[in-house]
Amino acid sequence: MSKVSSAFPAPKPVDRLIVALDVPDVRAAEAMVAQLGDAVTFYKIGLELTYGNGMGLARDLIQSGKQVFLDLKLHDIPNTVARATEQVADMGARFLTVHAYPQTMKAARSGLGDSALQLLAVTVMTSYDDQDLAEAGYGMGVKELVARRAKQAEAAGIHGLILSAEEVTSMRALLRKDMLLVTPGIRPAGSDVADQKRIMTPARAIQAGADYLVIGRPVTQHADPRASAQAIVAEIADCG
Ligand code: C5P
């Protein structure tokens, strides 16, 4: 198994909330970041915003002292994956997602150099069920493939996994202790579930063993985003 060094100290409660900037353009994202101020230190930028000039925003956020999670879900031939990872490492991002194919994960790992970038593997997309996997040519169901890929991620020296809060407990038991578990699908008590199917409150996800919570709409579509973020951070702090 590859050894993964942990360059980062244990995160403070505020650093365990990653706000998903799922907004259509940079201007809306900048307005949200300004409104959230020091209540949020960590942002996730996904494909929509990346293709809407989001890479410039990512650089600005890093320059201003925020941490950035680029959710780009890389998957290509090894040379391309390694070089793309190098670019993301050079810009100073903290997390980057890759699909959990062994070849892809090893290539991304080789692109890290001695940067502080940490890789998160996406095992099986949560939109996939057993039937979708069969249709795509896989001979196993979601549960089995998630466990298999999680172990392969660990063996490839990947730093962490994206997974639903429901999977945290079983993965904690399966994987080495310092594997980072990052969970979307979080809903503070009383907030709108929207399209998420398997949800957990911030406190329950942290208690189950999640390291970081990725939360979008409960913060960004709240009447008072800053107050919502502060309440989530307080809930995380209460678990510690
Ligand atoms: O608004 P909400 O809190 O549901 O946002 C969750 C974020 O996490 C979104 O950016 C979504 O794309 C992402 N995500 C997810 N489920 C996954 C992987 C990523 O909701 N399995």
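Counting convention: from 1, in listed order, for ligands and their atoms alike.
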Shortest protein heavy-atom distance from [atom], along with the residue and atom involved:
atom                    : result
atom 12 (O) of ligand 1 : Lys44 NZ, 4.2 Å
atom 8 (O) of ligand 1  : Pro184 CB, 3.4 Å
atom 6 (C) of ligand 1  : Gln196 NE2, 3.7 Å

Could you list which atoms of ligand 1 come closer than 4.0 Å to a heavy atom of [X]?
X      : answer
Val214 : 7 (C), 8 (O)
Pro218 : 3 (O)
Arg217 : 1 (O), 2 (P), 3 (O), 4 (O)

**OP:** Assess the side chains of Thr104 and His75: does a donor N or O sit below 3.5 Å from an acceptor N or O?
**Re:** yes

Within this structure, what is the [atom1]-[atom2] distance for the pair [X] and [Y], rounded to the nearest 0.5 Å?
X      : Y      : atom1 : atom2 : value
Leu47  : Leu72  : CG    : CG    : 6.5 Å
Ile162 : Lys73  : CD1   : NZ    : 7.5 Å
Thr85  : Leu112 : OG1   : CG    : 6.5 Å

Subject >> Residues Arg83, Glu86: salt bridge by 4.0 Å N-O rule >> reply: no

Subject >> Geometric cation-pi criterion, Arg94 with Tyr43: 6.0 Å, 45° >> reply: no

Original post:
When hydrophobic residues are tied together by side-chain contacts of less than 4.5 Å, even through go-betweens, does Val182 share a cluster with Val146?
Top reply: yes

Please determine if [X] has a nitrogen or oxygen closer than 3.5 Å to a nitrogen or oxygen of ligand 1.
X      : result
Thr126 : yes
Lys73  : no
Asp22  : yes
Gly216 : yes

Original post:
Looking at Val68, Val88, Ile18, Asp71, which one forms a side chain to side chain contact (heavy atoms under 4.5 Å, CB included) with Phe95?
Top reply: Ile18

**OP:** May I ask whether Gly46 places a heavy atom under 4.0 Å from ligand 1?
**Re:** no

**OP:** Heavy-atom distances under 4.0 Å are what count here, so tell me which part of Ala194 touches ligand 1: side chain, backbone, both or neither.
**Re:** neither

Original post:
To which of Met125, Arg187, Gln221 does the heavy atom nearest atom 2 (P) of ligand 1 belong?
Top reply: Arg187

**OP:** Please step through salt bridge (Lys or Arg N to Asp or Glu O under 4.0 Å) for the pair Arg172 and Asp211, ending with a clear verdict.
**Re:** CA-CA 11 Å; Arg172 265 282 163 250; Asp211 294 292; 2.7 Å; yes

